[in-house]
> 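One structure coming up, written as structure tokens, with questions to follow.
This chain uses plain numbering: 1 for the first residue, then up along the sequence.
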Amino acid sequence: MKTRSHVPLTRPHALRLPQGRRHHLPRTSQQMRHSGTHVERGGMKPGDLIVINNDGNWGHVGLYVGNNTMIHAPRPGKTVATTSLAGYWEKYDWDARRIL
């Protein structure tokens, strides 16, 4: 049996929604930054994307889960984690996006 250790992400990601609907997300963080509609930090709701400019290229994306917290993959080799948006993340520019 032949297996692949790496499959390139060339198609958009899809969010599965109730009643079998889907919404496609772009593959890159730069493209995600222009999806949906802009949301002010104080108006974020669980499920909003947070695109963060921590590398000068808007290269990090988290998912807002409420209570000033996001879930994200910190970097390759680390596990997905929830983290506060206070402190470390406050020093970067954000663009919160409501996709749905």
> Between Arg41 and Leu85, is any pair of side-chain heavy atoms under 4.5 Å apart?
no
> Can you run down the salt bridge (Lys or Arg N to Asp or Glu O under 4.0 Å) pairs that involve residues 29-39, sequence neighbours left out, and say none if there aren't any?
Arg33-Asp95
> Which pair of heavy atoms, one from Trp94 and one from Trp89, lies closest together, and at what distance?
NE1-O, 2.9 Å
> Quick check: closest heavy atoms across Ala86 and Ser84, and the distance to 0.1 Å?
N-OG, 3.0 Å
> Please list, chain by chain and in numerical order, all residues satisfying side-chain hydrogen bond (donor to acceptor under 3.5 Å, both in side chains) with Thr28, sequence neighbours excluded.
Gln31
> Got a sec, which pairs hit salt bridge (Lys or Arg N to Asp or Glu O under 4.0 Å) with one end in residues 73-91, sequence neighbours left out?
none
> With sequence neighbours left out, write down each residue that passes salt bridge (charged side-chain N to carboxylate O under 4.0 Å, His left out) with Asp48, or none if nothing qualifies.
Arg98
> Check side-chain hydrogen bond (donor to acceptor under 3.5 Å, both in side chains) between His34 and all other residues, then give those that pass, not counting sequence neighbours.
none
> If you take all heavy atoms of Ser35 and Ile99, which pair is closest and at what distance?
CB-CD1, 3.7 Å
> Sequence neighbours excluded and cut-off under 3.5 Å, please list the side-chain donor-acceptor pairs for residues 50-72, or say none.
residue: Asn53; atom: OD1; partner: Gly56; partner atom: N; Å: 3.1
residue: Asn53; atom: OD1; partner: Asn57; partner atom: N; Å: 3.0
residue: Asn53; atom: OD1; partner: Trp58; partner atom: N; Å: 3.0
residue: Asp55; atom: OD1; partner: Asn57; partner atom: N; Å: 2.8
residue: Asp55; atom: OD1; partner: Trp58; partner atom: N; Å: 3.3
residue: Asp55; atom: OD1; partner: Gly59; partner atom: N; Å: 3.1
residue: His60; atom: NE2; partner: His72; partner atom: ND1; Å: 2.8
residue: Tyr64; atom: OH; partner: Asn67; partner atom: N; Å: 3.4
residue: Tyr64; atom: OH; partner: Asn68; partner atom: N; Å: 3.0
residue: Thr69; atom: OG1; partner: Asn67; partner atom: O; Å: 3.0

